[in-house]
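What follows is a short report on a single structure.
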Number of protein chains: 2
Amino acid sequence: MDNPTRPWTMQQIADAAGVSVTTVSHALSGKRPVNPQTAARIHRLIDQFQYVPDAGARRLQSGRSRTIGLAVPDISHWYFGRIARGVEDAANEADHGLVVTSTSNADPRREARCFTMLTTRAIDGLVYASSRSTAEIEQLARAARTAPLVLSDENIDSLDVPSVSTTVYEGARDAVTLLKTLGHERIVAIAGYQGLPSTLERTRALHEVFPGSLTFHGDFELASGYRIATELLAADVRFTAIFAHNDYMAIGAMQRLQEAGWRVPEDVSIIGFDDTDSATMVTPTLTTVRKDMVEVGRRSGLLLLEQLAGTPGSAQSSVLLPTELVVRGSTGPAPRAPRA
Amino acid sequence: MDNPTRPWTMQQIADAAGVSVTTVSHALSGKRPVNPQTAARIHRLIDQFQYVPDAGARRLQSGRSRTIGLAVPDISHWYFGRIARGVEDAANEADHGLVVTSTSNADPRREARCFTMLTTRAIDGLVYASSRSTAEIEQLARAARTAPLVLSDENIDSLDVPSVSTTVYEGARDAVTLLKTLGHERIVAIAGYQGLPSTLERTRALHEVFPGSLTFHGDFELASGYRIATELLAADVRFTAIFAHNDYMAIGAMQRLQEAGWRVPEDVSIIGFDDTDSATMVTPTLTTVRKDMVEVGRRSGLLLLEQLAGTPGSAQSSVLLPTELVVRGSTGPAPRAPRA
DNA sequence: CTGTTAGCGCTTTCAC
DNA sequence: GTGAAAGCGCTAACAG
């Protein structure tokens, strides 16, 4: 019994080819001329043995793991899955691996995992997508000094870190302008986490068109939209339209109002944000603001890889991707009188 | 200008503590007694410097990267996101990282990525979740000889590899039995990929209760359910119920039939599979068979980590997780006569 | 209880 | 065009 399928080492290839490891290394990297015949022999052996250089040894020598990290609140969410897919695409195109960490689950060890991986150099850089308030800024700033970092989906101005985000202000403005055009006057916002930049921007856009409209903060889950709608009904608040900061909360609110006998869009118009798959599954279909989250992820990955490659010009730049209002069935002309 | 925030090495800690690296190493691992005072001094220094041992060096020495891989068709899908979350939870509990690879995108280099990571030993083992036909069995068998492998969500009998899957046969049986109980006689199946074990099992269950019922194969996307329903209408096929192999195809079919004026469940009953978030967003809500995909992922990760730890007894075992029929609004008594 | 030494598998001077 | 040798940062014999 010999060793159980141990991978081949470069030394073994060198021995088989009758050359030194140095030559094999250079035949592989091309960083130094190698006799064509020798090179051919080496490559034949490599193919035959299915030899692949050991990642750990390479990493130790070169200082690069050829792996990047992605931190998201929860990888199982549609939204962050899209981002992850984009980052992965970018990473793989550059022949890098992607380590994913879900941060939001109360376990602080897990919170710190991605930053630890940066210092252990298990990853060369990190794409950070958080949807919580900006409490961990300190940690991010420290991480940014250690290794390349890209902020994804949110831009924290106080942090001098490259970021990729979307024109949520313009998107929100388009959305509420539509409501205005339709004659609505009393709007209620079901917003995202308080203090989150993208929440603030959308609220700003809302207030520019409808000053003084009510804002309630949810957690981006369907249940919170449902709950807020329940509170609205109980408190007998008068409104003819709801502007939600994501589709799930919009759908939750829509469900609750429909249960209470409201007709959408005859009695109330509802607008979401993101354009998730669900937006076209509900009845009526949901008017929403589309963001291409796969693209957000892809650009985030590219930005990080640029930093890693050390392209100097592009560093510190930030990318802003467009949003698009998608008008569907959940919005319509304001009713004569708001329903009680 | 000194080195730009280079991580500390163990040597530097050793120098600062006035001991050898060996002692630092053992103070850290506890694999050999160290003078309490010395140990305390070392730990103080470690905390102060925020020292973390280099992952690459550890990996090179120990042969373990403390990282596992996950291969899924597409991480941005709800379904695989759930699996990923479960695998990640298991990995993180064991202080392992998780590298994610989406395999299905026509790029063969990408297909091979996860297996290459196995041979470069960037990952110690792999959780493989494919939803395609069993073409890549050869590759999987080879990989299984090299490193620990766990099949997730699908069990390929011909492969002697541990797997985690769900009782889809029983789930399908429950679903079609419900239809039988409701008096349905003409069922059409919108099935998954042909040749996929889980597809075959569900088809078997269907045929045991409704021999000879029609089966059409989709690709698990909403559009394919929609398309198959269109074909059904065009061909004037008579049926009173649809059994779809996942929720998205069920919803696609439901949309198409509703567009054609069919009422659900008065004219047609529809059953899905998986119990995705969408199942409760559509109107009527969807009767479906619940699978806990996060748990499938978690158990897959645990099984892999057990193999890595070398616990001998548990190797080669396979896990089968339960399914549960969730009756909602899309199923009802069969109409007197099938609608044309 | 602690230090010296020899690698893990690779890249990269430096010498021929 | 090629090879010998020195590490990358860590662990684990082997000696005190």
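Here is the naming used below: chain letters follow the sequence lines, and residue numbers restart at 1 for every chain. Computed from heavy atoms alone, side chains included, the values below leave out hydrogens, waters and symmetry copies.
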Footprint string (nucleotides 9-16 of chain C, 5' to 3'): B base within contact, S backbone only, - free, heavy atoms under 4.0 Å: BBBB-B--
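Interatomic distance, Ile156(B) CD1 to Leu151(B) CG, rounded to the nearest 0.5 Å: 4.5 Å.
Annotation: side chain of Trp8(B) is not in contact with side chain of Ile46(B) (no heavy-atom distance under 4.5 Å). The side-chain heavy atoms of Val100(B) and Val87(B), taken from C-beta on, include no pair separated by under 4.5 Å. Contact of the Ser152(B) side chain with the Ile83(B) side chain is registered, since non-hydrogen atoms from C-beta on lie closer than 4.5 Å. Inter-residue side-chain proximity for Asp124(B) and His96(B) is flagged as met; some heavy-atom pair is nearer than 4.5 Å. Proximity of Ile68(A) to Leu308(A): side-chain heavy atoms (C-beta onward) are separated by under 4.5 Å at one or more points.
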Go through it in stages, so that I can follow the logic: the residues are Arg113(A) and Thr116(A), the test is side chain to side chain contact (heavy atoms under 4.5 Å, CB included), and I'd like the CA-CA distance, side-chain angles, deciding distance and then a yes or no. CA-CA 5 Å; Arg113(A) 252 206 101 73; Thr116(A) 306; 5.7 Å; no
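Residues Gln307(A) and Leu149(A) come closest through the heavy atom pair OE1-O, 3.2 Å.
Between the side chain of Gln61(A) and the backbone N or O of Arg58(A), no donor-acceptor pair lies under 3.5 Å. In this structure, Arg121(B) contributes its side chain and Arg59(B) its backbone to no donor-acceptor pair below 3.5 Å.
When the C1' atom of dC1(C) is taken as reference, atom CD1 of Ile42(B) falls 12 Å away, rounded to whole Å.
Helix-axis bend for the helix from dC1(C)-dG16(D) to dC16(C)-dG1(D): the local axis fitted to the five terminal pairs at one end deviates from that at the other end by 40°, rounded to 10°.
Dashed line: the shortest gap from a side-chain N or O of Thr23(B) to OP1 or OP2 of dC1(C) is not under 4.0 Å.
For DNA chain D, the span of nucleotides reached by chain A at under 4.0 Å from its heavy atoms goes, 5' to 3', from dG1(D) to dG9(D).
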